[in-house]
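This report concerns only the one structure given below.
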Protein chains: 2
Amino acid sequence: MHSKIQAMTINDPKQEFSWFRRISSQFISDKDFDKLEKTSVKLIFKKGETILKQGGLPTHVVYLEKGIVKFNYENESSKNLILTIVSAPKILGGANLFYKDNNLFSFIAVEDCEVILIDAKVLEEVLVENSRFAMMMFQVASEMFKKSVMNFISLAHKQKEGRIADIILYLAAEVYNDTSFHLSLTRKEIAEFAGCSTENVIMTLSKWQTEKIISVDGKILAIKDIDKLKHISKIG
Amino acid sequence: MHSKIQAMTINDPKQEFSWFRRISSQFISDKDFDKLEKTSVKLIFKKGETILKQGGLPTHVVYLEKGIVKFNYENESSKNLILTIVSAPKILGGANLFYKDNNLFSFIAVEDCEVILIDAKVLEEVLVENSRFAMMMFQVASEMFKKSVMNFISLAHKQKEGRIADIILYLAAEVYNDTSFHLSLTRKEIAEFAGCSTENVIMTLSKWQTEKIISVDGKILAIKDIDKLKHISKIG
DNA sequence: TTTTAAACATGAAATATTTAATGTTTTATG
DNA sequence: CATAAAACATTAAATATTTCATGTTTAAAA
């Protein structure tokens with residue numbers, strides 16, 4: 001029963017692309033949008049699954065319709081680094097679109113995700129024929145770039161507590177849109193995002209809990225004193 | 001005498017834009033290029049001068065014709081962070097172009113520079129009317145984005161020596177195009193790039209000199225054993 | 001439902017990094 | 001050219017961070 005509904009959804013792309021269609025409609029014709037839809041595939045990824053793999057060819061651009069995704073970079077010694085975390089709805093791989101190199105990093109589902117894979121070649125054709133649409137797309141990509149840069153700046157010259165504070169504040173403001181949220185990241189993943197050890201994240205969160213800056217109940221994390229958290233972020 | 005030549009150069013924009021003109025000519029008409037030239041201003045910046053200031057409005061896009069520039073982020077407590085360093089010829093501010101927010105960081109001349117400031121509005125008009133040109137510009141901006149990201153990745157999960165090794169290798173490969181070069185950065189600036197203390201940079205460079213991995217003679221730095229340096233980069 | 005693996009947690013030892021104190025050399029400036 | 005300021009350099013002490021060892025709890029798999 002449930003799978004039937006799902007299948008229907010998959011087979012009826014007209015139902016999808018809602019956010020993307022709305023913002024695109026100002027820039028491209030229905031005909032061009034249909035062209036994108038026809039060559040797109042909708043897929044569902046479970047938590048932990050890889051949507052797009054580091055090193056692979058950028059044959060598709062990802063439209064994230066539902067769910068949360070991490071941008072994961074894995075180095076030669078299999079250490080992971082999370083570049084950023086984003087929630088739907090969003091166009092991912094904006095940067096990937098414009099250079100033809102292999103993907104710099106993987107997209108991995110942090111929550112169950114619904115994504116639409118858009119054929120990169122077809123999208124490029126549409127972009128070339130609709131320069132204002134292209135400009136909009138690049139602006140979206142730039143916004144994401146900007147947020148990554150802010151993350152990196154935090155990482156680069158704050159220490160542990162400032163960086164973890166920045167991440168909690170970022171998750172609340174940009175990913176979960178609430179000061180209280182179901183944290184889908186493990187401590188290890190937060191550490192990979194903050195560029196520190198897992199133990200450090202555990203210790204810092206515990207400490208903040210006793211100081212009543214946050215509360216942690218199972219997977220629910222709530223910011224109790226946002227001013228203190230912002231202060232920690234500021235003093236680094 | 002010398003200043004006269006310089007002034008001539010400034011007043012004859014046709015002589016400038018050489019690299020940019022060459023790559024642009026495949027995508028836009030001479031007429032459109034002239035439009036860009038007419039609204040552009042050529043300026044000369046001395047070492048240390050700010051070309052474009054963090055927080056300012058992105059009214060211009062910078063074409064760096066000659067020289068070396070650092071992307072500098074200054075935080076509330078006046079600590080600097082160098083995001084990347086680039087050498088001419090290059091279009092800077094690609095990302096700035098596409099979001100209308102205030103500049104995220106400053107461009108500061110690390111060597112004497114010749115730059116052409118292109119009016120952002122006029123450039124946008126030309127981009128909208130020449131989508132292939134726009135795509136090319138995106139690609140250029142994305143390349144720079146990619147290099148920053150690689151820098152940040154190094155910063156995020158390597159320690160001191162690996163990061164400094166990465167910077168020396170980057171400078172040789174991407175900025176000076178030689179394993180031996182006149183280093184225009186101070187130890188303090190390398191530290192701001194590597195995200196560590198000045199003392200650390202001094203100590204590491206001294207150590208590498210005694211180990212014959214590099215040689216430092218005044219401002220001339222030469223990589224003597226690139227394999228060892230790459231190995232340090234690899235093991236982090 | 002047992003079993004296993006992963007996540008969460010804590011503290012101590014080992015290591016890395018910064019800060020501070022001090023001095024020399026180089027570069028910029030009156 | 002004298003003088004000040006900045007850059008370069010070295011060391012020890014203080015601090016931050018990671019690693020390791022160990023144990024409990026939670027979630028996933030057989």
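Per chain, numbering begins at 1; letters A, B, ... match sequence-line order.
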Review point. For DNA chain D, which residues in residues 179-193 of chain B have a heavy atom at a distance below 4.0 Å?
Key: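 Close to the strand are B/Thr186, B/Arg187.
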Round to the nearest Å and state the distance from [X] atom [atom1] to [N] atom [atom2].
X: B/Ile202; N: D/dT11; atom1: CD1; atom2: C1'; result: 13 Å
X: B/Lys158; N: C/dT17; atom1: NZ; atom2: P; result: 14 Å
X: B/Leu205; N: D/dT10; atom1: CG; atom2: P; result: 11 Å
X: B/Glu161; N: C/dT15; atom1: CD; atom2: P; result: 15 Å
X: B/Gln209; N: D/dA9; atom1: CD; atom2: C1'; result: 12 Å
X: B/Asn80; N: D/dA6; atom1: CG; atom2: C1'; result: 15 Å
X: B/Lys47; N: C/dA28; atom1: NZ; atom2: C1'; result: 12 Å
X: A/Met203; N: D/dT18; atom1: CE; atom2: P; result: 10 Å

Do [X] and [Y] pair up side chain to side chain, a donor and an acceptor below 3.5 Å, judged on atom types alone?
X: A/Glu111; Y: A/Ser184; answer: yes
X: A/Ser154; Y: A/Asp166; answer: yes
X: A/Thr84; Y: A/Tyr170; answer: yes

Any ion pair linking A/Lys234 and B/Glu76 (charged N to carboxylate O, less than 4.0 Å)?
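No, no charged N to carboxylate O under 4.0 Å.
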Exercise for review: Can you label the angle between the B/Tyr73 ring and the A/His157 ring as parallel, tilted or perpendicular, going by 30° and 60°?
Suggested key: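 Rings of B/Tyr73 and A/His157: tilted, as their planes differ by 30° to 60°.
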Distance in Å, A/Ile85 CD1 paired with A/Glu189 CD, rounded so as to fall on 0.5 Å steps: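 With rounding to 0.5 Å, CD1 (A/Ile85) is 7.0 Å from CD (A/Glu189).
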Worksheet item: To the nearest 0.5 Å, what is the distance between CD1 (A/Ile153) and CG (B/Leu81)?
Response: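 Between A/Ile153 CD1 and B/Leu81 CG, I get 6.0 Å after rounding to 0.5 Å.
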Is there any protein nitrogen or oxygen under 3.5 Å from a nitrogen or oxygen in nucleotides 19-27 of chain D, and what are the pairs?
| unit_1 | atom_1 | unit_2 | atom_2 | d |
| --- | --- | --- | --- | --- |
| D/dC20 | N4 | A/Glu199 | OE2 | 3.2 |

- Indicate yes or no: at least one non-hydrogen side-chain atom of B/Ile220 is less than 4.5 angstrom from one of B/Phe181.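 B/Ile220 does not reach B/Phe181 side chain to side chain.
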- Item | Least distance between heavy atoms, B/Leu155 atom then B/Arg163 atom |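 Scanning both residues, the minimum pair turns out to be CA-CD, 3.3 Å.
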